[in-house]
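What follows is one structure encoded as structure tokens, with my remarks underneath.
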Amino acid sequence: MVCFRKLLITLLGQVLASSLALAVENDAKVVTQLVPDHVATGKEFSAVIQVKNTGNSTWSSAGDYSLFVLTSQPWDSYRVEFGGSIAPGQILTVRPKLSAPMVPGEYPLQWQMRQGQSAFGDKTSLVKVHVVGSLIPLSHSEFVFQDVPLVMMAGQSYNATLQFKNIGETVWTSGQYQLVSTTGNDLAWTVDVVDMGPSITVPPEGFQTFNFDIQAPSEVGIYPFQWRMQHKQIGAFGVMSRLLNIEVR
């Protein structure tokens, strides 16, 4: 009788532990956050946020899941809903449209997932968006495409092609605008800055294609590859190219 009671208690404990393991749990990991460095007062702009579902619940707007702005609300938007559902292991990508404040200044911006009023998972990095007077021309870019081998042999040379669109208010000119690596890998590809060709100008809504040679690192491994437009005096701006993890054999 005593042994049967112990067995029953053990079985009940296992069932309870299994039930707790299956309990719905929300968790999230930030994958990407792309936000312009500078925007003009009163202008609408877009951000790109990617969050991976690392819990065991499925996200959906019907389930009251959304992405929230955690910082103060000068952006005319604080809640981003989404269509469809995001199962565990999948990545949610949202492209919220925000309106810059009418008063120039430096404004913080940060996001986090919520279900109802309960926040969960990683917060995005706190970024500071510089809002400037609308009379000041702004440089901004949009990533269009890239053509880069995903597998390379150590020490060998390869060609890379990346294209960006000028979606700002300035004209890109040779000697001032260039392409710069964002991975901070100490010249892993033997080049981290690529200048525009001589006598090139790219007006707003125009496209700039960079075609250049890189050399794979001498040691095998996985190496990141990502680029962004840069003004020599002002610094990097606009949307970065899609991050590639290149295998070097």
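Note that this is a predicted model, so its numbers are computed, not measured.
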With the 4.5 Å side-chain cut-off for hydrophobic clustering, are [X] and [Y] part of the same group?
| X | Y | answer |
| --- | --- | --- |
| Val30 | Val80 | no |
| Met153 | Leu150 | yes |
| Leu126 | Phe45 | no |
| Val127 | Leu67 | yes |

Side-chain contact test, heavy atoms from C-beta onward, threshold under 4.5 Å: evaluate it for [X] versus [Y] and give yes or no.
| X | Y | answer |
| --- | --- | --- |
| Leu70 | Leu109 | no |
| Gln50 | Val94 | no |
| Ser141 | Phe237 | yes |
| Trp59 | Ser85 | no |

If we ignore angles and hydrogens, is there a donor and acceptor under 3.5 Å between the side chains of [X] and [Y]?
| X | Y | result |
| --- | --- | --- |
| Lys97 | Ser46 | yes |
| Gln226 | Thr183 | no |
| Glu25 | Asn56 | no |

Which donor-acceptor pairs under 3.5 Å do the side chains of residues 171-180 make with protein atoms, sequence neighbours left out?
residue: Ser174; atom: OG; partner: Gly197; partner atom: O; Å: 2.3
residue: Ser174; atom: OG; partner: Ser199; partner atom: N; Å: 3.4
residue: Ser174; atom: OG; partner: Ile200; partner atom: N; Å: 2.8
residue: Ser174; atom: OG; partner: Ile200; partner atom: O; Å: 3.3
residue: Tyr177; atom: OH; partner: Ser139; partner atom: OG; Å: 2.8
residue: Tyr177; atom: OH; partner: Thr170; partner atom: OG1; Å: 3.2
residue: Gln178; atom: OE1; partner: Gln230; partner atom: NE2; Å: 2.8
residue: Gln178; atom: NE2; partner: Asp195; partner atom: OD1; Å: 2.7

(message) Please evaluate residues Met152 and Tyr223 with respect to the criterion side chain to side chain contact (heavy atoms under 4.5 Å, CB included), reporting the C-alpha separation (whole Å), side-chain torsions for both, the decisive distance (0.1 Å), and the verdict.
(response) CA-CA 10 Å; Met152 301 182 184; Tyr223 293 84; over 6 Å; no

(message) Tell me whether Arg228 is salt-bridged to Asp192, with the criterion being a basic N under 4.0 Å from an acidic carboxylate O.
(response)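 No.
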
(message) Assess whether a salt bridge exists between Asp27 and Lys52, defined as any Lys/Arg side-chain N lying under 4.0 Å from an Asp/Glu carboxylate O.
(response)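 So Asp27 does not pair with Lys52 through a salt bridge.
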
Listed partners of [X] passing side-chain contact (heavy atoms from CB on, under 4.5 Å), at least two apart:
| X | value |
| --- | --- |
| Thr190 | Gln215 |
| His130 | His38, Glu106 |
| Phe145 | Thr161, Gln163 |

(request) For Thr124 and Gln110, run side chain to side chain donor-acceptor pair (under 3.5 Å): C-alpha distance rounded to whole Å, both residues' side-chain angles, the deciding distance at 0.1 Å, then the answer. (result) CA-CA 6 Å; Thr124 64; Gln110 190 175 36; 5.1 Å; no

Donor-acceptor list for residues 238-249 side chains, cut-off 3.5 Å, not counting sequence neighbours:
residue: Ser241; atom: OG; partner: Trp227; partner atom: N; Å: 2.8
residue: Ser241; atom: OG; partner: Trp227; partner atom: O; Å: 3.4
residue: Glu247; atom: OE2; partner: Arg249; partner atom: NE; Å: 3.1

(message) Under a 3.5 Å distance rule, please check whether Ser60 uses its side chain to pair with a backbone N or O of Gly84 as donor and acceptor.
(response)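 No, Ser60 side chain to Gly84 backbone: no donor-acceptor pair under 3.5 Å.
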
(message) Checking the side chain of Thr54 only, and the main-chain atoms of Ala28 only, is there a donor and an acceptor separated by less than 3.5 Å?
(response)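 Side chain of Thr54 to backbone of Ala28: a pair is present.
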
Would you give the length of the straight line joining atom [atom1] of [X] to atom [atom2] of [Y], rounded to the nearest 0.5 angstrom?
| X | Y | atom1 | atom2 | value |
| --- | --- | --- | --- | --- |
| Ile49 | Gln112 | CD1 | CD | 12.5 Å |
| His140 | Lys43 | NE2 | NZ | 10.5 Å |
| Gln115 | Asn26 | CD | CG | 5.0 Å |
| Leu92 | Ile86 | CG | CD1 | 5.0 Å |

Kindly give the heavy-atom pair with the smallest separation between [X] and [Y], and that separation in Å.
| X | Y | value |
| --- | --- | --- |
| Phe212 | Ile214 | CE1-CG2, 3.5 Å |
| Thr71 | Pro108 | OG1-O, 3.2 Å |
| Val144 | Lys165 | CG2-N, 3.7 Å |
| Pro96 | Trp111 | CG-CH2, 3.6 Å |
| Arg114 | Ala119 | CG-CA, 3.7 Å |
| Val131 | Ala40 | CG1-C, 4.3 Å |

(request) Return the orientation label for the Phe225 and Trp189 ring planes: parallel under 30°, perpendicular over 60°, tilted otherwise. (result)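 Plane angle over 60°, so perpendicular.
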
(request) Would you please classify the geometry between the Tyr65 ring and the Phe120 ring as parallel, tilted or perpendicular, with 30° and 60° separating the classes? (result)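 Correct class here is perpendicular.
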
(message) Using the rule given for side chain to side chain contact (heavy atoms under 4.5 Å, CB included), can you reason through Ile91 versus Asn53, listing the C-alpha separation, both sets of side-chain angles and the distance that settles it, and then say yes or no?
(response) CA-CA 6 Å; Ile91 294 177; Asn53 184 346; over 6 Å; no

(message) Before you tell me yes or no, could you show the steps for Gln33 and Val48 under side chain to side chain contact (heavy atoms under 4.5 Å, CB included), namely the whole-Å CA-CA distance, both residues' side-chain angles and the distance that decides it to 0.1 Å?
(response) CA-CA 6 Å; Gln33 176 182 229; Val48 178; over 6 Å; no

(request) Check side chain to side chain donor-acceptor pair (under 3.5 Å) between Glu219 and all other residues, then give those that pass, not counting sequence neighbours. (result)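 Listed in chain order: nothing, the list is empty.
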
(message) Checking Asn166 against Phe164 for the side chain to side chain contact (heavy atoms under 4.5 Å, CB included) test, could you report, in this order, the C-alpha distance in whole Å, the side-chain angles of both residues, the deciding distance, and whether it holds?
(response) CA-CA 7 Å; Asn166 183 351; Phe164 288 82; over 6 Å; no

(request) Cation-pi check, Arg79 to Phe68: give yes when NZ or CZ is under 6.0 Å from the six-membered ring centre and within 45° of the ring axis, no otherwise. (result)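 No - Arg79 does not lie over the ring of Phe68 by the 6.0 Å and 45° rule.
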
